[in-house]
Amino acid sequence: MKLPDSLRARMKIPLGPLIPESQANKSTIQKHLTKNSYLITVGDRTSEKMVSFGLIPSLQIIDNQEKRVKREPTKNDKAYTELVCDNPAAEITPQSIDVIKKAFVSKTPVRIIVSGEEDLLVIPVCVYAPENSIVMYGQPNEGLVIVKITPEIRNKTQRLLDLME
């Protein structure tokens, strides 16, 4: 499914609270987490930041790029269940949706490595994430978006998915 030009502006609106980059520290982030949160990070920098805070995501989705520039994969000591998928820029492929669904029934922590671009995968993640999930992703040049998965968020992201071509 491709992102139509008519949806591009809507995709820039954060799905949850936006924490400015200067305030995106461990204590601020922990206020949004509950004891048994299923933490999901989308994006290399966001994933790396959470790992550096000792907040190991249950699911990381990365593409080894930041702002379209190649970068080293996030390093950590955890053994990940690693999944891979192809997902071109401005698209959400059926394969990536299947891999996201598989991730939610795999042994955690899980890392999905995307060949292409992971940005739009926030949408199917919000549709299929478990009830107690918190999704975090970067808003370029602004900060960190934190999305608590609720029925409203599922419905909103499903509508966005349905509007893709």
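Throughout, numbering of the chain's residues begins at 1 and tracks the sequence.
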* **Flag side-chain contact, heavy atom, 4.5 Å: Thr41 against Ile61** => no
* Heavy-atom check, side chain of Ile149 versus side chain of Cys126, under 4.5 Å -> yes
* Structure fact -> The complete set of salt bridge (charged side-chain N to carboxylate O under 4.0 Å, His left out) pairs with one or both residues in residues 3-28, sequence neighbours excluded, reads Asp5-Arg8, Glu21-Arg45, Glu21-Lys49
* Nearest atoms (heavy-atom pairs only) where Thr46 meets Gly138 -> OG1-N, 3.2 Å
* Asked: Side chains of Thr157 and Pro124: does their closest heavy-atom pair fall under 4.5 Å?
  -> no
* **Spatial distance of atom CD (Glu117) from atom CD1 (Ile92) [nearest 0.5 Å]** => 11.0 Å
* **Spatial distance of atom SG (Cys85) from atom NZ (Lys102) [nearest 0.5 Å]** => 11.5 Å
* Asked: In Å and rounded to the nearest 0.5 Å, what is the CG to CE distance from Leu161 to Met1?
  -> 4.5 Å
* Asked: When you measure from the side chain of Asn132 to the backbone N and O of Asn36, does any donor-acceptor pair fall under 3.5 Å?
  -> yes
* Asked: Listed by chain and number, what are the side-chain contact (heavy atoms from CB on, under 4.5 Å) partners of Asp98, not counting sequence neighbours?
  -> none
* Report yes or no: does Thr93 contribute a side-chain atom to a donor-acceptor pair with the main-chain N or O of Asp86 at less than 3.5 Å? => yes
* Is Val127 reachable from Val110 through a run of hydrophobic residues whose side-chain heavy atoms are each under 4.5 Å from the next? -> yes
* Taking all atoms of both residues into account, what is the closest heavy-atom pair of Ser96 and Leu121, and its distance? -> OG-CD2, 3.5 Å
* Asked: Are Ile62 and Val147 connected, step by step, through hydrophobic side chains (Ile, Leu, Val, Met, Phe, Trp, Tyr) whose heavy atoms are closer than 4.5 Å?
  -> no
* Backbone of Asp63 reached by a side-chain donor or acceptor of Asp44 within 3.5 Å -> yes
* Report the distance from atom CG of Leu59 to atom OG of Ser47, rounding to the nearest 0.5 Å. => 8.5 Å
* Minimum heavy-atom separation for Met164 to Leu3, with atom names? -> CE-N, 3.4 Å
* To do: Measure the spacing between CD1 of Ile113 and CG of Leu83 and express it to the nearest 0.5 Å.
  => 9.0 Å
* Asked: Who else is in the cluster with Ile134 when I, L, V, M, F, W and Y are joined by side-chain contacts under 4.5 Å?
  -> Ile19, Ile29, Leu33, Leu39, Met50, Phe53, Leu55, Met136, Leu144, Ile146
* **Qualifying salt bridge (charged side-chain N to carboxylate O under 4.0 Å, His left out) pairs with a residue from residues 141-161, counting only residues at least two apart or across chains** => Glu131-Arg154
* Asked: Given the rule that I, L, V, M, F, W and Y join up when any side-chain heavy atoms are under 4.5 Å apart, are Ile100 and Ile153 in one cluster?
  -> yes
* Taking a hydrophobic cluster as the set of Ile, Leu, Val, Met, Phe, Trp and Tyr residues connected by side-chain heavy atoms closer than 4.5 Å, whether directly or through intermediates, do Ile97 and Tyr137 fall within one such cluster? -> yes
* Closest non-hydrogen atom pair, Leu160 against Leu15 -> CD1-CD2, 4.5 Å
* Asked: Of the non-hydrogen atoms in Ser133 and Pro130, which two are nearest, and what is the gap between them?
  -> OG-O, 2.7 Å
* Candidates Arg111, Lys107, Gln60 - the one meeting side chain to side chain donor-acceptor pair (under 3.5 Å) with Tyr80 -> Gln60
* Euclidean distance, Ile13 CD1 relative to Leu18 CG, rounded to 0.5 Å -> 12.5 Å
* **Partners meeting side-chain contact (heavy atoms from CB on, under 4.5 Å) with Lys2 (sequence neighbours left out)** => Glu91
* **Minimal non-hydrogen separation, Gly43 against Glu118, with atom names** => CA-OE2, 3.3 Å
* Structure fact -> The complete set of ring pair (Phe, Tyr, Trp, His ring centres under 6.0 Å) pairs with one or both residues in residues 88-129, sequence neighbours excluded, reads Tyr38-Phe104
